[in-house]
Amino acid sequence: MILNSHRGRTVPALLLILVLALAGCGSSSSSSSSSAGSTSNSSAASGADPAIAAMVPSAIASKGSVTVATDASYAPNEFFDTDGTTIIGMDVDLGHAIGKVMGVQWNFENAGFDGIIPGLASGKYDIGMSSFGDTKDREQTVDFVTYAKAGTAFYIKAGGTAIPNLAALCGHTAGMEKGTTQLADATAQNTKCKNAGKPGVTIQAFPDQNGVNTALAAGRVDVAMADTPVSDYAVAQSNGQFALSGQSYGVVPYGIAVPKGTGMTKPIQAALKKLIANGTYTQILKKWGVESIAITNPVINGAIS
């Protein structure tokens, strides 16, 4: 089922793709333009829950802000606004809301998706919030606090060959973002196709989702793969150029990633629980048309695979 796109966006599909692609290449950092994102450290602290703020590690509380890495090419979860510098989206709004409860400003910075977890491990970033699937493999490097759930969906050019499932990828060219579970799935399927005596999957992995969408629009790939809210949004914004194909699969929890041993998981989890309880969480998901990814109980390291 296609989710409603954010109705405030009126940019035509091709222009949207070009704007986002240029922005993704030309900007390295930004902060959200939402009212939550524009608060100062002092105003964020003024809206904090004292008990939750007291859980924030002193090293973070003393500086009053965190650097949050995100790959701003994954609309509607995180992407550049039409100015090419401001990062907006569901993850951004939710991150700012979490930060307000914690009394800590969340400053979002654009980063390549496959570099975020290494950047967390090296201390370059404090938090990663970029539609990460919480997996057991990723939990070896970072800790997660779950905040949503999503599967993988296929989308094609309207009128193109239907791709109903992974098995149908044999003999086709598939596009997806580097470092994603979709890349791992397509790679595994390529092996399965060849072992069954069928043509393999030609895989094209791009630095960001803008590249995937551009390649699909140009006919350089037969099918694009992305998380369900991102696929739904791309189709809804395409003015009929793209269409969903088949059924989504492999629902996994989304997780906010933090370096191990920093003590940040519990205050983030507590802030999320408060936002779920007071309705702010639901309001944010509704704003971006992604209510279907909601969860009711955020957990620490909730990987199911």
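Ser231 has its side chain within reach of Leu244: a pair of non-hydrogen atoms, C-beta onward, lies under 4.5 Å apart. At a threshold of 4.5 Å between non-hydrogen side-chain atoms, the residues Val252 and Thr135 do not count as touching. Contact of the His96 side chain with the Gln105 side chain is registered, since non-hydrogen atoms from C-beta on lie closer than 4.5 Å. Annotation: side chain of Ile163 is not in contact with side chain of Asp222 (no heavy-atom distance under 4.5 Å). With a 4.5 Å cut-off on side-chain heavy atoms, Met102 and Val66 do not count as touching. Using a 4.5 Å heavy-atom threshold, the side chains of Lys287 and Ile284 count as separate. Counting heavy atoms from C-beta on, the side chains of Met225 and Leu166 come closer than 4.5 Å. Contact check for Arg220 versus Thr173: no side-chain heavy atoms found under the 4.5 Å cut-off.
The structure places CG of Asp137 at 8.5 Å from CD1 of Ile117, a figure rounded to the nearest 0.5 Å. Of the inter-residue distances, the one linking Thr280 atom OG1 with Lys274 atom NZ reads 9.0 Å to the nearest 0.5 angstrom. If you take CD1 on Ile60 and CD1 on Ile127, they are separated by 7.0 Å, rounding to the nearest 0.5 Å. Between the OG1 atom of Thr70 and the CD1 atom of Ile116 there is a distance of 5.5 Å, given to the nearest 0.5 Å. One distance of note links OG1 of Thr265 with CE of Met55; it measures 8.5 Å at 0.5 Å rounding. The structure places NZ of Lys178 at 11.5 Å from CD of Gln204, a figure rounded to the nearest 0.5 Å.
Grouping the Ile, Leu, Val, Met, Phe, Trp and Tyr side chains by contacts below 4.5 angstrom, directly or via other members, places Ile203 apart from Leu216. Linking ILVMFWY side-chain heavy atoms closer than 4.5 Å, directly or via other members, places Met90 and Tyr281 in a single hydrophobic cluster. Val92 and Tyr125 are assigned to two separate hydrophobic clusters, defined by single-linkage of ILVMFWY side chains at heavy-atom distances under 4.5 Å. The same ILVMFWY cluster, assembled from side-chain heavy atoms under 4.5 Å apart, contains both Ile98 and Ile295. Grouping the Ile, Leu, Val, Met, Phe, Trp and Tyr side chains by contacts below 4.5 angstrom, directly or via other members, places Val142 apart from Met264.
Of the possible donor and acceptor atoms, one in the side chain of Lys157 sits under 3.5 Å from a partner among the backbone N and O of Ala217. Judged by distance alone, the side chain of Lys149 and the main-chain N or O of Ala294 form a donor-acceptor pair under 3.5 Å. In this structure, the side chain of Tyr147 does not engage the main chain of Asp91 through any donor-acceptor pair within 3.5 Å. At least one donor-acceptor pair under 3.5 Å links the side chain of Ser238 to the backbone N or O of Val235. With hydrogens and angles ignored, the 3.5 Å screen pairs a side-chain donor or acceptor of Glu139 with a backbone N or O of Ala303. With hydrogens and angles disregarded, no donor-acceptor distance shorter than 3.5 Å links the side chain of Tyr254 to the backbone of Met129. In this structure a side-chain-to-backbone donor-acceptor pair under 3.5 Å is present from Asp134 to Gly302. Side chain of Thr146 to main chain of Val299: a donor-acceptor pair is present (N/O by atom type, distance under 3.5 Å, no hydrogens or angles).
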Exercise. Can you list the steps and then say if Ile156 with Phe242 is a side-chain contact (heavy atoms from CB on, under 4.5 Å)?
Worked result: CA-CA 6 Å; Ile156 59 175; Phe242 299 160; over 6 Å; no
Problem set entry | Steps toward ring pair (Phe, Tyr, Trp, His ring centres under 6.0 Å) verdict (Phe113, Phe132) | CA-CA 9 Å; Phe113 183 79; Phe132 278 109; 4.7 Å; yes
Exercise. Asn77 and Ser131: side chain to side chain donor-acceptor pair (under 3.5 Å), yes or no, with the steps?
Worked result: CA-CA 7 Å; Asn77 296 356; Ser131 307; 2.8 Å; yes
For this session: Report the C-alpha separation of Asp227 and Ile293 in whole Å, then their side-chain angles, then the decisive distance to 0.1 Å, and conclude whether the side-chain contact (heavy atoms from CB on, under 4.5 Å) test is met.
Result: CA-CA 11 Å; Asp227 292 354; Ile293 71 173; over 6 Å; no
Problem set entry | side-chain contact (heavy atoms from CB on, under 4.5 Å) evaluation trace for Val101 with Leu275 | CA-CA 8 Å; Val101 174; Leu275 294 173; 3.8 Å; yes
Problem set entry | Test log, rule side-chain contact (heavy atoms from CB on, under 4.5 Å), inputs Val223 and Leu169 | CA-CA 8 Å; Val223 58; Leu169 288 177; 3.7 Å; yes
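Ion pair Lys63/Asp126 flagged as a salt bridge, since at least one NZ, NE, NH1 or NH2 atom sits closer than 4.0 Å to an Asp/Glu carboxylate oxygen.
Here the rule is salt bridge (charged side-chain N to carboxylate O under 4.0 Å, His left out) with Asp143, and of Lys260, Arg138, Lys266 only Lys260 fits it. Of the options Asp185, Asn165, Thr228, a side chain to side chain donor-acceptor pair (under 3.5 Å) to Tyr249 is made by Asp185 and by none of the others.
Of all heavy-atom pairs spanning Tyr74 and Gln209, the tightest one is CE1-OE1, 3.3 Å. Nearest heavy atom pair, residue Pro164 against residue Ser245, reads N-OG, 4.1 Å. Closest approach of Ser130 and Ala69 over heavy atoms only: CB-O, 4.3 Å. Annotation for Ile276 and Pro298: closest pair CD1-CD, 3.6 Å, computed over non-hydrogen atoms. In plain terms, the two heavy atoms of Cys193 and Val201 that are nearest each other are SG-CG2, 4.0 Å. Scanning both residues, Ala59 and Ser62, for their nearest heavy atoms gives O-OG, 3.1 Å.
Pairs of residues two or more places apart, or lying in two chains, never qualify as ring-ring contact (aromatic ring centres under 6.0 Å, His included) while including a residue from residues 181-223.
Using modelled atom types and a 3.5 Å distance limit, the side chains of Tyr155 and Asn213 yield a donor-acceptor pair. Under the 3.5 Å distance criterion, with hydrogens and angles disregarded, a donor-acceptor pair is assigned to the side chains of Gln182 and Thr152.
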